[in-house]
Amino acid sequence: MDQDIQQLLSERRYDEALEQLVDRYRHKVFRLAVAMLRDPGLAEETAQEVFLKIWRALPGYNGQASLSTWLYAIARNTCLSQIRYRRLRVTVTLEEPAARTASASQPDSGYLDVRRHMEELPEVQRQVLALFYLQEKSYDDVAALLDMPVGTVKSHLHRARRALADRLR
Amino acid sequence: MECAKFEEEMLAGKRTGELDAHLEGCAACREFFAAQRRLDRILEEALPRLALSPSFRPALRRRIESESRSRFLELVPDLLNVLGASALAAAAAWYLPQLRLLSQGLGVLALAVAIGLTGAGSLAVLLRLDTAQPDD
């Protein structure tokens, strides 16, 4: 899939390779950061940090893992470092509902309920659930981003949805 | 028992004729199914709205350029060392043969040292440039 980037790397054209990686992966990295950090502003900052690390590390990329696997590992580790560094508290801002609900005739209280209940889920279930919807319901993308088998993603997702459904009943 | 099976289908987002038939006659599953659809709708509407700001790429480029500059500046002392050593060796190579007391051979030797020093210094800088990638 990333043969063109691998080719650029083999020719030591690192800046061009980075441009391609940013083009291809910036949204996924950002969404992963949102799912893990729960704060879009911090997620964007972290996504920049991820690509800066990738730029520094590109000359040392040895091709043992696929580029996406390697890149997602850097992204996850950077997010985990952020979490450790900032000792994030529960301040979910998965989305700013104000703009959406302001124009609606009735505020959607379901959104707030879901958001609250999502915070009560185990961390891994919350991440899988958030990422699943951010990644347009792609099991494969969620599995790659979180480095989990697809079956495990499905299992976490089902548990999370069941728990939310029970709580919303 | 049957409800559990259909719950799995509903959680997996499957919609079959069998499920529809079951929903017709089971109020609990209808409620569960409605809750799942509502949940789906809320999450689908809420989450994909997130997007990177347009300044993401320019800001990243600025950070990379700034780091490239500082990396080059780190090499300046090394480059000055190489240039200094080369100039010194070249001066010696030019000056020593002028001295009558010393043989022409010494001048050639000095020239060889000058070339060697310059080559080694340049190689060291190139290697450092190549490996100066901070750890992830």
Side-chain angles (χ1 to χ4, degrees), chain A residues 12 15 18-19 22-23 26-27 29-31 34-35 40-41 43-45 47-49 51-60 73-74 77-78 94-97 99-100 108 110-111 113-115 117-118 129-137 154 157-159 161-162 164-169, chain B residues 3-14 27-72 74 126-136:
Chain A
R12 299 161 76 96
D15 288 344
L18 181 78
E19 284 292 315
V22 172
D23 269 350
R26 68 185 190 280
H27 294 300
V29 168
F30 171 62
R31 288 168 192 155
V34 169
E44 180 154 338
E45 200 180 300
Q48 287 220 357
E49 192 61 39
F51 283 106
L52 198 58
K53 282 184 178 179
I54 285 163
W55 176 72
R56 290 174 193 147
L58 272 179
I74 291 176
N77 290 336
T78 308
L94 286 170
E95 187 243 11
E96 300 302 331
R100 180 170 56 84
D108 192 347
Y111 175 81
D113 288 343
V114 167
R115 203 172 66 164
H117 290 310
M118 273 180 80
L129 188 71
L131 211 44
F132 181 69
Y133 285 93
L134 287 168
Q135 284 300 133
E136 293 161 0
K137 296 185 170 183
K154 284 183 179 172
L157 193 63
H158 286 195
R159 282 192 206 128
R161 289 174 60 90
R162 183 189 295 279
L164 283 183
D166 286 346
R167 287 167 197 185
L168 288 169
R169 263 178 182 171
Chain B
C3 290
K5 175 191 149 198
F6 287 115
E7 264 194 19
E8 284 307 311
E9 279 186 24
M10 287 184 272
L11 286 167
K14 292 177 187 166
C29 282
R30 267 204 308 278
E31 198 183 324
F32 182 78
F33 185 67
Q36 284 300 311
R37 291 196 66 168
R38 181 160 159 262
L39 180 65
D40 239 7
R41 181 178 54 78
I42 291 167
L43 291 171
E44 272 175 14
E45 279 177 13
L47 295 171
R49 288 167 54 91
L50 289 168
L52 282 166
S53 69
S55 65
F56 180 81
R57 289 185 79 126
L60 178 63
R61 206 167 292 131
R62 275 197 301 276
R63 286 180 75 174
I64 287 174
E65 280 166 9
S66 151
E67 193 163 312
S68 296
R69 270 198 301 276
S70 61
R71 197 179 288 179
F72 175 76
E74 278 174 18
L126 285 175
L127 281 174
R128 187 154 167 215
L129 265 175
D130 197 42
T131 55
Q133 303 298 331
D135 293 337
D136 170 35

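The shown structure was predicted, so the numbers you read here are calculated from the model rather than taken from an experiment. Just so it is clear, the values below take in all heavy atoms, side chains as well, and ignore hydrogens, waters and symmetry mates.
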Check whether B/Ala59 gets within reach of chain A through its side chain, its backbone, both or neither, counting any heavy atom under 4.5 Å.
-> both

To the nearest 0.5 Å, atom CD of B/Glu65 lies from atom CG of A/Asp15 at 9.0 Å

From B/Leu60 CG over to A/Glu19 CD, what is the distance, rounded to the nearest 0.5 angstrom?
-> 8.0 Å

Flag yes if more than 12 heavy atoms outside B/Arg37 fall under 6.0 Å of its CZ atom; otherwise flag no.
-> no

Testing the basics here: between [X] and [Y], what is the closest heavy-atom pair and its distance to 0.1 Å?
{"X": "A/Lys137", "Y": "B/Asp40", "value": "NZ-OD2, 3.3 Å"}
{"X": "B/Gln36", "Y": "A/Arg161", "value": "OE1-NH2, 2.6 Å"}
{"X": "B/Ile64", "Y": "A/Leu18", "value": "CD1-CD2, 3.1 Å"}
{"X": "B/Ser55", "Y": "A/Gln48", "value": "O-NE2, 4.3 Å"}

Of the backbone (N, CA, C, O) and the side chain (C-beta and beyond), which part of A/Ala47 lies under 4.5 Å from a heavy atom of chain B, both, or neither?
-> both

Is chain B contacted by the side chain of A/Glu45, its backbone, both, or neither, given a heavy-atom distance below 4.5 Å?
-> backbone

Side chains of A/Trp55 and B/Glu67: does their closest heavy-atom pair fall under 4.5 Å?
-> yes

